[in-house]
Amino acid sequence: MTAPDPAPLRIGNASGFYGDRFDALRDMLTDGPLDVLTGDYLAELTMLILGRSRLKDPEKGYATTFLRQLEEGLGLAHERGVKIVANAGGLNPAGLADAVRKLAAKVGVPVTVAHVEGDSLPVPDGFLTANAYLGGSGIAACLRAGAEVVVTGRVTDAALVTGPAAAHFGWGPDDLDALAGAVVAGHVLECGTQATGGNHAFFGAYGPALLRRPGFPLAEIHADGSSVITKHDGTGGVVDLSTVTAQLLYETGGARYAGPDVTARLDTVRLTADGPDRVRIDGVRGEAPPPTLKAGLTRLGGWRNEVVFVLTGLAIEAKADLVKAQFADALERGGGRPPAEVRWELARTDHADADTEERASALLRLVVRDQDAEAVGRAVSSAAIELALGSYPGFHVTAPPGKGAPYGVFEARPVPAGGVEHTAVLPDGSRLAIEPPALTQELADVDEPPLPDPYPSTAPTRRVPLGLIAGARSGDKGGDANVGVWVRGDDAWRWLAHELTVERFRELLPETADLTVVRHVLPNLRALNFTVHGLLGEGVAAQARFDPQAKAVGEWLRSRWLPVPVPLLEGIPLPEVTA
């Protein structure tokens with residue numbers, strides 16, 4: 001007689017970044033049943049913030065918000081038998097583990113605490129932090145040893161799910177398909193409410209009341225690695241094929257999604273509706289992970305300053321030209337050298353014959369950068385403010401210019417997995433070395449999948465925004481931007497797969513025209529994923545663009561007009577036709 005499948009493991013998420021909704025941890029523990037609650041607190045920019053924090057206080061370097069959340073959450077988790085796994089340890093997981101133990105003693109909750117370390121690497125000259133992205137094996141070892149709270153430093157976001165799942169189901173490093181399924185579920189959970197309708201392209205389809213306060217997501221993980229993405233009953237938000245697809249495309253690239261535990265094949269992912277607010281993920285195939293780990297390094301890149309001039313009413317372009325010329329002249333007369341980088345951007349937010357002054361105004365943004373703080377400090381501030389009574393009519397700025405501030409740079413490098421001392425520090429204090437996977441596989445591009453038959457070219461078209469039929473989600477990976485685009489029907493997919501080429505993408509987004517753009521095709525998701533190399537300069541911390549994390553590049557793409565077959569627009573309210 002075949003033994004019944006074990007019950008699924010219910011893993012929830014309560015944080016997508018350092019600064020996410022504070023009461024999410026409590027809500028996830030009280031709104032419904034869970035086995036494991038995870039929290040992702042680390043991003044590329046966060047490591048730089050924690051690095052600067054630890055310079056001031058060597059005892060810090062972790063996400064202190066997590067500790068404050070545990071003040072009430074620790075007792076709730078213990079009462080309900082929920083294990084907590086979070087990467088809030090940042091640069092000091094041992095310090096956070098000690099702090100959790102002290103907190104547990106203070107609030108009278110007897111919990112066992114373990115942590116994972118070894119991600120910290122020797123910091124090269126000129127850098128502030130250097131950390132390898134570890135997998136879930138150390139987390140699994142801590143849980144198998146009886147830990148109720150596990151804190152880590154820099155692990156992959158998906159490791160917060162693969163670790164508990166491997167510990168619960170007894171997976172080993174050779175269970176590649178199961179691990180890959182857990183990686184995909186982990187990727188959906190990692191950004192919290194982005195999986196439950198947050199930041200969603202088709203938000204208008206759900207109504208504002210439903211999205212006012214989206215609930216955080218959870219995954220029911222099965223023994224074979226398949227899962228169902230859902231949320232607690234009665235919470236806000238929505239889980240459907242579109243919200244899950246959007247998050248799957250977020251900050252990914254091609255068909256091979258590599259990690260320390262396994263390389264998940266995103267081109268094998270199957271999504272099916274499984275009832276209200278339930279989406280099943282199955283079919284995920286896994287391959288051996290690469291022999292290297294990703295290492296993230298942060299450093300201070302230099303100094304920047306910013307001034308935003310307000311231009312109101314008539315002759316906006318002429319006013320902008322005047323202040324730019326005056327500013328350059330003032331810098332030259334100041335006697336010092338100009339900043340290494342001076343960038344102007346005019347945002348035409350003004351409206352003709354406007355009924356408020358703000359709607360009649362445009363914003364002229366000046367950003368300067370240099371390795372020398374003095375070059376972007378007082379010289380720039382003085383040059384801007386000296387113009388106040390002798391420049392364009394209506395001169396004013398949004399805020400007084402300051403002395404400048406440092407900006408950071410994130411850099412990713414591969415490091416041999418065998419050279420990283422991945423260590424699980426168990427509840428009894430013993431240390432267990434985690435060996436890297438014995439079987440590895442070098443990453444390689446997959447063959448381009450066949451495209452569907454083109455949509456009939458004889459169909460009449462109408463110029464409309466792409467976003468009427470296509471969703472998009474975008475984000476940052478170092479200096480690169482990722483833009484995932486998907487549609488919700490097979491006919492729309494036939495059109496999108498042939499229409500949105502790299503050439504068309506560059507045409508629609510002129511900022512990308514001179515950059516390397518790579519297109520990845522994911523037919524199972526009816527999706528295209530574009531990687532735009534170099535769009536973000538030195539990365540999010542450098543704040544090189546108006547949108548430094550590329551969060552809205554996808555929405556910019558959706559706003560662009562192009563000819564769309566009329567049959568695909570049936571039932572969709574159409575805007576006025578443009579020229």
Side-chain angles (χ1 to χ4, degrees), residues 7-42 63-89 96 100 103-104 107 109 111 113 136 139 143 147-152 155 157-165 167-168 182 185-199 210-221 227-239 243-244 247 276-279:
L9 182 71
R10 292 172 63 89
I11 303 180
N13 170 278
S15 177
F17 68 101
Y18 192 11
D20 209 342
R21 189 190 305 167
F22 183 84
D23 53 9
L25 190 143
R26 181 198 62 210
D27 289 348
M28 287 298 288
L29 290 170
T30 57
D31 285 344
L34 283 178
D35 300 303
V36 180
L37 183 57
T38 66
D40 179 11
Y41 292 80
L42 302 184
T64 55
T65 299
F66 175 69
L67 267 183
R68 293 192 289 116
Q69 290 173 304
L70 284 187
E71 288 182 9
E72 59 178 346
L74 198 59
L76 292 171
H78 182 66
E79 292 169 7
R80 290 160 171 75
V82 178
K83 295 178 172 61
I84 295 178
V85 180
N87 62 10
L96 178 57
V100 173
L103 174 64
V107 299
V109 180
V111 297
V113 182
I139 296 171
L143 293 170
E148 296 168 273
V149 177
V150 181
V151 295
T152 76
V155 296
D157 301 333
L160 301 175
V161 171
T162 61
H168 182 77
H187 180 62
V188 174
L189 295 188
E190 69 184 57
C191 288
T193 53
Q194 280 197 170
T196 57
N199 300 351
L210 191 61
L211 296 183
R212 185 173 297 127
R213 186 180 172 84
F216 276 67
L218 62 93
E220 299 170 352
I221 310 286
S227 64
V228 172
I229 305 298
T230 184
K231 63 186 184 68
H232 286 318
D233 292 341
T235 59
V238 62
V239 176
T243 66
V244 173
Q247 181 54 28
D277 290 317
R278 293 176 63 85
V279 172

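In this text, all values refer to a predicted model and were calculated from it rather than measured experimentally. When reading the values below, keep in mind they use all heavy atoms of this one structure, side chains included, and skip hydrogens, waters and symmetry mates.
The distance from atom CG of N13 to atom CD of Q194, rounded to the nearest 0.5 Å, is 11.0 Å. S15 contributes atom OG, which lies 8.0 Å from atom CG of N87 (distance to the nearest 0.5 angstrom). L96 CG to L70 CG: the interatomic distance, rounded to the nearest 0.5 Å, is 8.0 Å. The distance from atom OG1 of T235 to atom CG of L210, rounded to the nearest 0.5 Å, is 9.5 Å. Distance check, rounded to the nearest 0.5 Å: CG of L25 to CG of D20 gives 11.0 Å. In this structure, CG on D23 lies 12.0 Å from CE on M28, to the nearest 0.5 angstrom.
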*Report the C-alpha separation of E220 and R10 in whole Å, then their side-chain angles, then the decisive distance to 0.1 Å, and conclude whether the salt bridge (Lys or Arg N to Asp or Glu O under 4.0 Å) test is met.*
CA-CA 5 Å; E220 299 170 352; R10 292 172 63 89; 2.9 Å; yes
*Show the numbers, then the answer: is there a side-chain contact (heavy atoms from CB on, under 4.5 Å) between T30 and R80?*
CA-CA 9 Å; T30 57; R80 290 160 171 75; 4.1 Å; yes
*Given side-chain contact (heavy atoms from CB on, under 4.5 Å), test T196 with V238 step by step and report yes or no.*
CA-CA 5 Å; T196 57; V238 62; over 6 Å; no
*Yes or no on side-chain contact (heavy atoms from CB on, under 4.5 Å) for E148 and V109, after CA distance, side-chain angles and deciding distance?*
CA-CA 11 Å; E148 296 168 273; V109 180; over 6 Å; no
*Could you walk me through whether D35 and I11 pass the side-chain contact (heavy atoms from CB on, under 4.5 Å) check?*
CA-CA 6 Å; D35 300 303; I11 303 180; 6.0 Å; no
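Smallest separation of non-hydrogen atoms from I221 and A165: CG2-CB, 4.2 Å. Closest approach of P164 and I139 over heavy atoms only: CD-CG2, 3.9 Å. When all heavy atoms are compared, the tightest approach of F22 to Q69 is O-NE2, 2.9 Å.
For the salt bridge (Lys or Arg N to Asp or Glu O under 4.0 Å) test, residues two or more places apart in sequence or in another chain that qualify with D157 are R154. Applying the side-chain contact (heavy atoms from CB on, under 4.5 Å) test to E71 and every residue at least two apart in sequence or in another chain returns R68, L103.
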